[in-house]
2 protein chains.
Amino acid sequence: MKKDSYHHGDLANELLAAALKIVERQGADAVSLRDLAQNLGVSRAAPYRHFPDRDALLAAVAARGFEDLVEAYESVLADRELPGAEVLRRGWLVYLDFARRRPGLFQLMFDSDFLGRDKPPKVMVPPADRAYHLLWEGMRRAHPQADDATIKMRTATAWSTIYGYIALDRANRFKTFMIRPLSREAVAKAVLAASC
Amino acid sequence: MKKDSYHHGDLANELLAAALKIVERQGADAVSLRDLAQNLGVSRAAPYRHFPDRDALLAAVAARGFEDLVEAYESVLADRELPGAEVLRRGWLVYLDFARRRPGLFQLMFDSDFLGRDKPPKVMVPPADRAYHLLWEGMRRAHPQADDATIKMRTATAWSTIYGYIALDRANRFKTFMIRPLSREAVAKAVLAASC
DNA sequence: CCTTTAATGTTGTCGGCGCTCACATTGCGG
DNA sequence: CCGCAATGTGAGCGCCGACAACATTAAAGG
């Protein structure tokens with residue numbers, strides 16, 4: 001692959017892969033285009049041939065995160081035999097596991113305001129939209145007879161609870177006034193109970 | 001106040017006030033010690049006489065945010081006549097209002113990982129702890145006969161829901177797959193219902 | 001009242017960063 | 001085979017946080 005010469009060959013993908021690693025291990029703030037370029041043996045200006053700016057690279061990383069998340073969630077939905085409530089429960093566990101295993105990436109995906117901007121990065125809109133749709137889908141499986149407004153309402157509150165729990169736990173907020181944080185299972189159970 | 005000469009007079013407080021304004025209007029990322037110094041008519045190095053580094057200044061801003069939040073929450077708890085459930089509901093509204101009116105500050109207080117560090121900044125630990133304690137206090141008022149473990153559990157889940165809703169709404173996450181976000185009242189109501 | 005001392009502010013400097021521009025090299029399609 | 005677009009280079013700009021050496025002032029104590 002590497003020509004070991006003027007042209008790198010696959011710089012765009014390697015930049016993305018390297019940035020993804022940094023994001024997962026140290027968080028998005030630790031991503032430096034200069035660092036990345038140097039580590040890939042390329043000049044500091046080279047990355048700008050593939051990504052207009054730093055945010056574009058991070059958006060691409062976030063998009064990939066959404067794709068992974070969607071894939072995991074879809075594997076839960078794929079089992080048409082599973083009872084609706086169990087689909088919902090396992091779906092939340094997918095989120096909790098993702099957030100626990102790849103905290104930096106999760107934070108980039110949901111805490112960065114890419115999607116709240118006037119012009120959200122086009123690479124991450126489709127996978128992000130798909131991820132949201134799957135939440136709705138899971139809730140619909142759990143409540144087949146509920147009307148759309150109810151499903152949306154329940155999805156919003158349950159998703160808020162899960163997301164909030166993840167964020168608060170990540171920041172060690174529970175340690176200060178609780179004996180210890182709740183287990184993943186306990187949270188999924190509580191949310192599930194609240195959405196029924 | 002201003003001597004218009006070598007010594008500024010109250011640089012520490014003015015730095016804090018100026019930083020607070022920036023945080024509220026543009027978010028913590030927009031805070032630059034150099035900018036602050038210049039706007040206060042002082043040299044770039046002067047701020048370092050009062051705050052060891054940028055994080056220390058931001059921590060002080062966050063601490064002040066917690067103090068304001070505590071004050072608002074305490075005014076709810078102060079009314080001993082109020083029914084417990086109403087105390088709880090108004091308490092959550094305090095959080096929702098604070099987050100809506102001062103989003104940058106709220107984000108600095110809860111999304112920054114100051115409190116998750118090995119050595120959290122000592123200025124913000126007491127007010128932050130107090131804020132958490134008040135949540136517990138509010139929940140206890142709503143459920144006087146519940147045991148401590150139950151109260152903690154309910155506080156954790158309700159707090160997760162509120163916090164998650166704030167974060168998701170702030171980032172415009174609901175717009176994408178919902179018709180429109182829920183009203184503050186609806187969220188408070190849903191959380192209240194879930195904690196009873 | 002004067003001197004010493006600690007507090008406070010200044011200038012200069014370093015390294016790191018994102019980003020841009022003019023230029024160099026390469027690979028590919030006509 | 002050639003020309004052009006894609007890709008990589010090096011230099012440089014402005015911004016930033018942080019530190020060190022030095023200047024000025026306020027306050028404390030004789």
Side-chain angles (χ1 to χ4, degrees), chain A residues 1-23 25-62 104 108 112-114 117 119 121 123, chain B residues 1-23 25-62 104 108 112-114 117 119 121 123:
Chain A
M1 319 293 127
K2 290 188 68 176
K3 312 287 284 221
D4 208 37
S5 63
Y6 202 87
H7 278 137
H8 183 281
D10 198 22
L11 187 54
N13 282 329
E14 294 205 26
L15 276 171
L16 204 142
L20 178 61
K21 265 187 200 156
I22 301 282
V23 167
R25 294 177 187 171
Q26 301 160 261
D29 285 347
V31 171
S32 147
L33 292 190
R34 287 168 108 101
D35 246 30
L36 253 41
Q38 188 161 14
N39 285 357
L40 294 177
V42 97
S43 87
R44 302 161 290 167
Y48 293 92
R49 295 293 167 189
H50 302 276
F51 299 95
D53 56 23
R54 185 174 174 276
D55 271 7
L57 174 57
L58 291 181
V61 171
L108 174 64
S112 74
D113 58 343
F114 284 138
R117 302 250 246 278
K119 190 219 119 326
V123 284
Chain B
M1 324 290 129
K2 290 187 70 177
K3 313 286 286 226
D4 208 38
S5 63
Y6 203 87
H7 277 138
H8 183 283
D10 198 23
L11 189 53
N13 283 330
E14 293 205 26
L15 277 170
L16 203 142
L20 179 61
K21 265 186 199 155
I22 301 281
V23 167
R25 295 178 186 170
Q26 302 160 259
D29 285 348
V31 170
S32 149
L33 292 190
R34 287 169 108 99
D35 246 30
L36 253 42
Q38 190 161 14
N39 287 355
L40 293 178
V42 97
S43 88
R44 307 157 283 172
Y48 291 93
R49 295 292 167 189
H50 302 274
F51 298 94
D53 57 21
R54 184 175 175 276
D55 270 7
L57 174 56
L58 291 180
V61 171
L108 173 65
S112 74
D113 58 343
F114 284 138
R117 304 250 246 278
K119 189 218 121 332
V123 284

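Proteins get letters first, then strands, A, B, ... in listed order; numbering begins at 1 in each.
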query = Between atom CD in A:Gln38 and atom P in D:dG10, what is the gap in whole Å?
reply = 12 Å
remark   = Of all heavy-atom pairs linking B:Ala28 and B:Leu108, the shortest is CB-CD1, 3.9 Å
inquiry  = Under 4.0 Å from OP1 or OP2 of D:dG8: is there any side-chain N or O of A:His50 that close?
reply    = yes
inquiry  = Please pick, from C:dT10, D:dG10, D:dC16, the nucleotide with the shortest atom-to-atom distance to any side-chain atom of B:Ala45.
reply    = C:dT10
task = Show the numbers, then the answer: is there a side-chain contact (heavy atoms from CB on, under 4.5 Å) between A:Ile22 and A:Val61?
result = CA-CA 10 Å; A:Ile22 301 282; A:Val61 171; over 6 Å; no
query = Should we say atom CZ of B:Arg25 is surrounded by more than 12 heavy atoms from elsewhere, each under 6.0 Å from it?
reply = no
task = Mind running side-chain contact (heavy atoms from CB on, under 4.5 Å) on A:Arg49 and A:Val42 for me, showing each step along the way?
result = CA-CA 12 Å; A:Arg49 295 293 167 189; A:Val42 97; over 6 Å; no
key: 5' priority, DNA chain D, between A:Arg34 and A:Ala46 [closest heavy atom]   = A:Ala46
query = If you check the B:Leu33 side chain, which of D:dA18, D:dG8, C:dC19 turns out closest?
reply = D:dA18
ask   = B:Tyr48 OH to C:dA7 P: how many Å, rounded?
value = 20 Å
ask   = So, is B:Ser32 close to the D:dC16 phosphate, meaning a side-chain N or O under 4.0 Å from OP1 or OP2?
value = yes
request  = Specify the separation, in whole Å, of atom CD of B:Glu14 and atom P of C:dT8.
outcome  = 14 Å
inquiry  = Once hydrogens and angles are ignored, does a donor-acceptor distance under 3.5 Å link the base of D:dG10 to the side chain of A:Arg44?
reply    = no
task = Could you tell me the separation between the CG atom of A:Leu11 and the C1' atom of D:dA6, rounded to a whole number of Å?
result = 12 Å
note = Rounded to whole Å, the CG-C1' distance (B:Asp29 to D:dC16) equals 13 Å
ask   = Counting side-chain heavy atoms from C-beta on, which of C:dT8, D:dT9, C:dC19 comes nearest to A:Arg54?
value = C:dC19
request  = Would you mind reading off the distance between A:Arg49 atom CZ and D:dT9 atom C1', rounded to a whole angstrom?
outcome  = 9 Å
request  = Whole angstrom is fine here: how far is it from CG in B:Leu36 over to P in D:dC16?
outcome  = 11 Å
query = When you measure from the side chain of B:Asp53, which nucleotide among C:dG9, D:dA18, D:dG8 comes out closest?
reply = D:dA18
inquiry  = Rounded to whole Å, how long is the line connecting atom CZ of B:Phe51 with atom P of D:dG17?
reply    = 14 Å
query = When A:His50 is tested against each of A:Leu11, A:Leu57, A:Leu16 for side-chain contact (heavy atoms from CB on, under 4.5 Å), which residue passes?
reply = A:Leu11
